[in-house]
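Right, one structure below, let's go through it.
Just so you know, residue 1 is the first one in the sequence shown, and it goes up from there. Keep in mind it's a predicted model, so treat the numbers as computed, not measured.
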Amino acid sequence: MAGDLYLAKDADLTQQYPALVIGPPFGGVKEQGPGVYANELAQRGFVVLTFDPSYHGYSGGQPRMTGSTATYVEDFSEGVDFLGSLEYVDRERIGAIGICGSGGFALSAATMDTRIKAVAPVVMYDIAGINNSMSGEARQQMLEMASNQRWEDFGQAEAAWRAAYPEQPTETVPEGLDAISAEFYSFYGTSRGWHPNALGNVTTASMADLMTFPDLTHISELNGRPVLWIAGEDAHSLAYSEEAYANASEPKELYIVPDANHVDLYDQVDKIPFDELERFFQEAL
């Protein structure tokens, strides 16, 4: 796995600090939203690790762009492994932030890995839940398509996947997109957030995995480890945070950012509630 480690310029590496591992949105990479969060939180006294999910960005793994619920969850634990190896990190004070799809994966990681002492899902998307909601004939058709794609991919240089964003950023959003697609394009497809390693989501064959393994089954069993959901007042993803918040165990918080949509909380530093994140993790860790 490839990662970036953020430290305050004046950090005293003879001391021990609380640490955070930050996962990117589904299809995103560490240089985008995670870097924005890490830069600010490192200045506030945390050691922060961002990463490219396995099979994506500069991380290893073949076929490229493979998507796997279990692997995305494991990525967080591998980040904790690394942070705990650093002499200037307090192993008992490690938390996780997941942006968008990584919000669900970070929560799932905490249900399995008790070394994660607190979690903050930001504009959470429940990727596994969305895909598992498909049922009946539609589900069978999708599974058959994804399964047969494995034969098509076998022996090929690259597995089939669809790029959603251009190979070079544009300055405007194309006409004709629905509102949610246009919002995502405003970040991923323009110079605002475009990155050559974040042009699409996962391989076609990966859908079978993402439709089969849920990740929020045990969030009522975090046993006292706190969770802070952060969501935008105008975010199309708000319902996912509200539902997960309702199902999780105490202690838990839900913080709604006024006048913020989903992608605003990827990179808009005037809207991301860093004070709340700092307070939460300083108290929780």
Handout entry: Straight-line distance of Tyr245 OH to Leu228 CG, nearest 0.5 Å
Key = 10.5 Å

Exercise for the section: Verify, without hydrogens or angle tests, whether Arg139 (side chain) and Asn132 (backbone) share a donor-acceptor contact under 3.5 angstrom. Expected result: no

Exercise for the section: Identify the residue among Thr66, Thr71, Asp75 that makes a side chain to side chain donor-acceptor pair (under 3.5 Å) with Ser54. Expected result: Asp75

Problem - Result of checking Asp90, Val48, Leu5, Leu20 against Leu83 for side-chain contact (heavy atoms from CB on, under 4.5 Å) - result: Leu5

Problem - Over 12 foreign heavy atoms within 6.0 Å of CD, Glu221 - result: yes

Exercise for the section: I would like to know whether Phe26 and Leu210 meet side-chain contact (heavy atoms from CB on, under 4.5 Å); could you show each step before the answer? Expected result: CA-CA 12 Å; Phe26 184 58; Leu210 296 176; 3.9 Å; yes

Exercise for the section: Determine, step by step, whether Tyr165 and His195 satisfy the ring pair (Phe, Tyr, Trp, His ring centres under 6.0 Å) criterion, reporting the C-alpha distance in whole Å, the side-chain angles of both residues, the deciding distance to 0.1 Å, and the verdict. Expected result: CA-CA 10 Å; Tyr165 305 105; His195 193 280; over 10 Å; no

Fill in the blank from the handout: In this structure, CG of Leu199 is separated from CD of Glu167 (nearest 0.5 Å) by 7.0 Å

Practice task
Report yes if the side chains of Leu177 and Tyr185 come closer than 4.5 Å at any heavy-atom pair, otherwise no.
Solution key: yes

Practice task
Report the C-alpha distance between Tyr17 and Gln15 in whole Å, list the side-chain angles of each, state the deciding distance to 0.1 Å, and finish with yes or no for side-chain contact (heavy atoms from CB on, under 4.5 Å).
Solution key: CA-CA 7 Å; Tyr17 295 91; Gln15 304 297 315; 4.3 Å; yes

Handout entry: Gln43 side chain vs Ala8 backbone, donor-acceptor pair below 3.5 Å
Key = no

Problem - Glu250 side chain to Lys252 backbone, donor-acceptor under 3.5 Å - result: yes

Handout entry: N-O pairing of Asp113 and Arg225 below 4.0 Å
Key = no

Handout entry: Side chain proximity check, Pro169 to Thr190, heavy atoms < 4.5 angstrom
Key = no

Exercise for the section: Answer yes or no: does atom CD of Gln62 have more than 12 heavy-atom neighbours from other residues, nucleotides or ligands under 6.0 Å? Expected result: yes

Handout entry: Leu216 vs Met124 side-chain heavy atoms within contact, under 4.5 Å
Key = yes

Handout entry: Greater than 12 external heavy atoms within 6.0 Å of Glu158's CD
Key = no

Practice task
Apply the test side-chain contact (heavy atoms from CB on, under 4.5 Å) to residues Ser241 and Val123: give CA-CA distance (whole Å), side-chain angles for both, the deciding distance (0.1 Å), then the verdict.
Solution key: CA-CA 7 Å; Ser241 293; Val123 288; over 6 Å; no

Exercise for the section: Indicate whether any N or O donor in one side chain lies under 3.5 Å from an N or O acceptor in the other, for Glu144 and Gln140. Expected result: no

Exercise for the section: Give a yes or no on whether the backbone of Pro166 and the side-chain of Trp194 come within a donor-acceptor separation of less than 3.5 Å. Expected result: yes

Exercise for the section: Look at the side chain of Glu233 and the backbone N and O of Val257, then say whether any donor-acceptor pair between them is shorter than 3.5 Å. Expected result: no

Practice task
For Asp52 and Tyr58, indicate whether the former's side chain and the latter's backbone hold a donor-acceptor pair under 3.5 Å.
Solution key: yes

Problem - Glu152 and Asn148: side chain donor to acceptor below 3.5 Å - result: no

Problem - Exam field: side chain Ser133 to backbone Ile130, donor-acceptor pair closer than 3.5 Å - result: yes

Practice task
Measure the shortest side-chain to side-chain distance between Met207 and Asn131 over non-hydrogen atoms and say whether it is less than 4.5 angstrom.
Solution key: yes

Problem - Ionic contact status for Arg279 with Glu253, cut-off 4.0 Å - result: yes

Exercise for the section: Keeping the roles fixed (side chain from Asp264, backbone from Asn261), state whether a donor-acceptor pair exists under 3.5 Å. Expected result: yes

Exercise for the section: Check the pair Phe82 / Phe51 against ring pair (Phe, Tyr, Trp, His ring centres under 6.0 Å), numbers first and verdict last. Expected result: CA-CA 11 Å; Phe82 176 77; Phe51 64 87; over 10 Å; no

Practice task
First locate atom CD of Glu183, then atom OH of Tyr266, and finally report the distance between them rounded to the nearest 0.5 Å.
Solution key: 8.0 Å

Practice task
May I ask whether Val73 and Trp229 are part of the same hydrophobic cluster, defined by side-chain heavy atoms of I, L, V, M, F, W, Y residues being less than 4.5 angstrom apart, directly or through others?
Solution key: yes

Under 3.5 Å, which donor-acceptor pairs link side chains of residues 98-112 to any protein atom two or more places apart or in another chain?
unit_1, atom_1, unit_2, atom_2, d
Ser102, OG, Pro24, O, 2.4
Ser108, OG, Asp215, O, 3.1
Thr111, OG1, Ser108, O, 2.6

Exercise for the section: Treating Ile, Leu, Val, Met, Phe, Trp and Tyr as nodes and any side-chain heavy-atom pair under 4.5 angstrom as an edge, say whether Trp151 and Met145 lie in one connected cluster. Expected result: no

Practice task
Flag the pair Ser186 / Arg192 as yes when at least one side-chain heavy-atom distance between them is below 4.5 Å, and no otherwise.
Solution key: yes

Problem - Within-4.5 Å side-chain heavy-atom neighbours: Pro63 and Asp153 - result: no

Problem - Side-chain heavy atoms of Ile116 within contact of Ile94, under 4.5 Å - result: no

Handout entry: Check: Asp259 main-chain N/O paired with Lys271 side-chain donor or acceptor under 3.5 Å
Key = yes

Handout entry: Atom pair CG (Asn223) and NE2 (His218), whose distance is rounded to the nearest 0.5 Å
Key = 12.0 Å

Fill in the blank from the handout: Distance col, row Lys30:NZ vs Asn197:CG, nearest 0.5 angstrom, shows 7.0 Å

Practice task
May I ask you to check whether Phe184 and His262 place their ring centres under 6.0 Å from each other?
Solution key: yes

Exercise for the section: Verify, without hydrogens or angle tests, whether Arg64 (side chain) and Gly57 (backbone) share a donor-acceptor contact under 3.5 angstrom. Expected result: yes

Exercise for the section: Could you state whether Leu285 and Val21 fall into the same hydrophobic cluster, counting links through intermediate Ile, Leu, Val, Met, Phe, Trp or Tyr residues with side-chain heavy atoms under 4.5 angstrom apart? Expected result: yes

Exercise for the section: Using side-chain contact (heavy atoms from CB on, under 4.5 Å) as the criterion, list what pairs up with Leu7, not counting sequence neighbours. Expected result: Leu13, Val47, Tyr88

Practice task
Following the transitive rule for hydrophobic clusters with a side-chain heavy-atom cut-off under 4.5 Å over Ile, Leu, Val, Met, Phe, Trp and Tyr, establish whether Leu265 and Tyr125 coincide in one cluster.
Solution key: yes

Exercise for the section: Please say whether more than 12 non-hydrogen atoms of neighbouring residues, nucleotides or ligands are located less than 6.0 Å from CZ in Arg91. Expected result: no

Handout entry: Neighbour count >12 (heavy atoms, 6.0 Å) for atom CD, Glu243
Key = no

Completion exercise
In terms of heavy-atom contacts, Glu78 and Met1 come closest through OE1-SD, 3.0 Å

Exercise for the section: For this output row, return yes or no: ring centroids of Phe274 and Tyr37 closer than 6.0 angstrom. Expected result: yes

Practice task
Classify the side-chain pair Asp209/Ser206 by whether it contains a donor and acceptor separated by less than 3.5 Å.
Solution key: no

Fill in the blank from the handout: The complete set of side-chain hydrogen bond (donor to acceptor under 3.5 Å, both in side chains) pairs with one or both residues in residues 4-13, sequence neighbours excluded, reads Asp12-Thr14

Practice task
Give the ring-plane orientation class for His56 versus Tyr72, where under 30° counts as parallel, over 60° as perpendicular and anything between as tilted.
Solution key: tilted

Handout entry: Between Ser68 and Tyr55, a side-chain donor and acceptor under 3.5 Å
Key = no

Problem - Linked, directly or transitively: Leu254 and Tyr240 (ILVMFWY side chains, under 4.5 Å) - result: yes

Practice task
For residues Ala205 and Gln149, report the shortest heavy-atom separation together with the two atoms involved.
Solution key: N-CG, 4.1 Å

Problem - Nearest-0.5 Å distance that lies between atom CD in Glu137 and atom CE in Met142 - result: 12.5 Å

